[in-house]
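A quick write-up on the structure given underneath.
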Amino acid sequence: MTLLETIKSDTINALKSGDKFKYEALKLLLASLQNKEIDKQGKAGLEAVLTDKEVQEVVLSEIKKRREAIEVYEKAGRQDLAEQEKKELEIISVYAPKQLSETEIKKELEELIAPLGSAPNAAGAVEMGVLMKECAQKFKGRADMGLVSKIAKELLGS
């Protein structure tokens, strides 16, 4: 069963069980996935079926949207809306790829930084830019890039 089929099945089960909140959250996720299918279909000119990787990209995008919304709502003092977003985030996160822990990120970053330390003109912002370019490829879908950036800054002493 593909990830998309799993999400569709879970949406139907949420509806049948009467879990309206979960149903609504998954319905929003399915709408985003359908938009992705339409975009893909327009580019290919054929009927498009999303791969699990593409589904995960959409899921990660939706997770990022929820995190940003939570931050905005908390700054605005709207805890009720922030809590709603947190619940949606929890439901959607089930379909995301396993995320690396801080320890795992730090270990992989140390491996990436080691060769940069001996580079002649790699200092400060340049070193950080080079590192983050590498990180974007290495950690895509496996870690929150904000956390990766924070840990990288600590390791570089910036």
Side-chain angles (χ1 to χ4, degrees), residues 1-17 19-109 111-112 125 128-155 158:
M1 182 181 263
T2 67
L3 185 55
L4 182 58
E5 291 169 342
T6 303
I7 294 170
K8 287 178 179 179
S9 173
D10 289 352
T11 305
I12 292 168
N13 291 337
L15 178 62
K16 287 180 179 178
S17 69
D19 188 346
K20 188 175 180 180
F21 191 83
K22 183 175 182 178
Y23 170 71
E24 292 296 327
L26 292 176
K27 196 167 80 168
L28 288 172
L29 177 59
L30 283 174
S32 294
L33 290 166
Q34 188 173 20
N35 288 337
K36 177 77 171 182
E37 279 182 340
I38 291 168
D39 288 346
K40 185 176 178 181
Q41 184 176 359
K43 291 176 184 172
L46 308 167
E47 186 163 336
V49 178
L50 297 178
T51 64
D52 280 353
K53 185 176 180 175
E54 291 169 324
V55 171
Q56 287 177 340
E57 287 174 3
V58 173
V59 169
L60 291 171
S61 172
E62 290 299 312
I63 287 171
K64 183 178 179 183
K65 288 178 189 176
R66 298 305 184 288
R67 287 185 178 142
E68 291 170 354
I70 290 167
E71 189 177 317
V72 169
Y73 288 142
E74 286 177 344
K75 284 182 182 177
R78 295 295 311 263
Q79 291 303 319
D80 56 330
L81 296 174
E83 287 303 316
Q84 182 176 342
E85 294 290 335
K86 286 178 184 177
K87 289 177 188 174
E88 286 182 17
L89 177 64
E90 189 177 311
I91 291 167
I92 293 171
S93 294
V94 171
Y95 307 103
K98 181 188 172 291
Q99 298 292 293
L100 297 174
S101 69
E102 280 192 48
T103 308
E104 292 169 321
I105 293 170
K106 190 172 184 176
K107 181 181 175 194
E108 288 191 34
L109 276 174
E111 292 171 8
L112 284 175
M128 184 66 176
V130 170
L131 178 64
M132 289 311 293
K133 186 176 178 182
E134 294 273 333
C135 290
Q137 295 171 345
K138 184 165 182 120
F139 293 108
K140 185 176 182 177
R142 300 184 323 136
D144 175 25
M145 290 308 293
L147 179 60
V148 171
S149 177
K150 179 183 159 211
I151 295 170
K153 286 176 184 174
E154 289 171 5
L155 291 174
S158 306

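Because only heavy atoms are used, hydrogens play no part in the values below, and waters and symmetry mates are left out as well, while side chains stay in. Along the sequence shown, residues are numbered consecutively beginning with 1.
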Please table the atom pairs, donor to acceptor, closer than 3.5 Å between any side-chain atom in residues 49-60 and protein atoms at least two apart or in another chain.
unit_1 : atom_1 : unit_2 : atom_2 : d
Thr51  : OG1    : Glu54  : N      : 3.2
Thr51  : OG1    : Glu54  : OE1    : 3.4
Asp52  : OD1    : Leu3   : N      : 2.8
Glu54  : OE1    : Lys40  : NZ     : 2.9
Glu54  : OE1    : Thr51  : N      : 2.9
Glu54  : OE2    : Lys40  : NZ     : 3.4

Please evaluate residues Arg67 and Glu71 with respect to the criterion salt bridge (Lys or Arg N to Asp or Glu O under 4.0 Å), reporting the C-alpha separation (whole Å), side-chain torsions for both, the decisive distance (0.1 Å), and the verdict. CA-CA 6 Å; Arg67 287 185 178 142; Glu71 189 177 317; over 6 Å; no
Rounded to the nearest 0.5 Å, how far does NZ of Lys27 lie from NZ of Lys20? 8.5 Å
Identify the heavy atoms of Leu109 and Cys135 that sit nearest to each other, and give their distance. CD2-SG, 3.3 Å
Would you please name every residue forming a side chain to side chain contact (heavy atoms under 4.5 Å, CB included) with Lys65, sequence neighbours left out? Ser61, Glu62
Residue pair Phe21 / Gln84, side-chain heavy-atom distance below 4.5 Å: yes
To the nearest 0.5 angstrom, please state how far the CD1 atom of Ile7 sits from the CG atom of Leu33. 5.5 Å
Return the set of residues passing side chain to side chain donor-acceptor pair (under 3.5 Å) with Lys86 (not counting sequence neighbours), or none when no residue passes. Glu74
Around atom CD of Glu68, are there more than 12 heavy atoms from other residues, nucleotides or ligands closer than 6.0 Å? yes
Leu147: which residues meet the side chain to side chain contact (heavy atoms under 4.5 Å, CB included) condition with it, sequence neighbours left out? Glu102, Ile105, Asp144, Ile151
Atom pair OG (Ser32) and CD (Glu37), whose distance is rounded to the nearest 0.5 Å: 11.5 Å
To the nearest 0.5 Å, how far apart are CZ in Arg66 and NZ in Lys87? 14.5 Å
Check this for me, if you would: do Glu5 and Lys8 make a salt bridge, where the nitrogen-to-carboxylate-oxygen distance has to be below 4.0 angstrom? no
Least distance between heavy atoms, Ala96 atom then Ile63 atom: CB-CD1, 3.6 Å
Closest heavy-atom pair and its distance - Glu104, Gln99: OE1-O, 4.4 Å
Close side-chain approach of Val148 to Met145, heavy-atom, < 4.5 Å: yes
What are the two closest heavy atoms between Lys22 and Ile91, and how far apart are they? CA-CD1, 3.7 Å
I'd like to check the side chain to side chain contact (heavy atoms under 4.5 Å, CB included) partners of Lys138; sequence neighbours left out, ordered by chain and number. Glu108, Leu112, Arg142
Which pair of non-hydrogen atoms, one from Glu90 and one from Val94, has the smallest distance, and what is that distance? O-CG2, 3.7 Å
Measuring from atom CG of Leu26 to atom CD of Glu88, what distance do you get when rounded to the nearest 0.5 angstrom? 9.5 Å
Spatial distance of atom CD (Glu134) from atom CD (Glu111) [nearest 0.5 Å]: 12.5 Å
If the condition is side chain to side chain donor-acceptor pair (under 3.5 Å), which residues does Tyr23 pass it with, not counting sequence neighbours? none
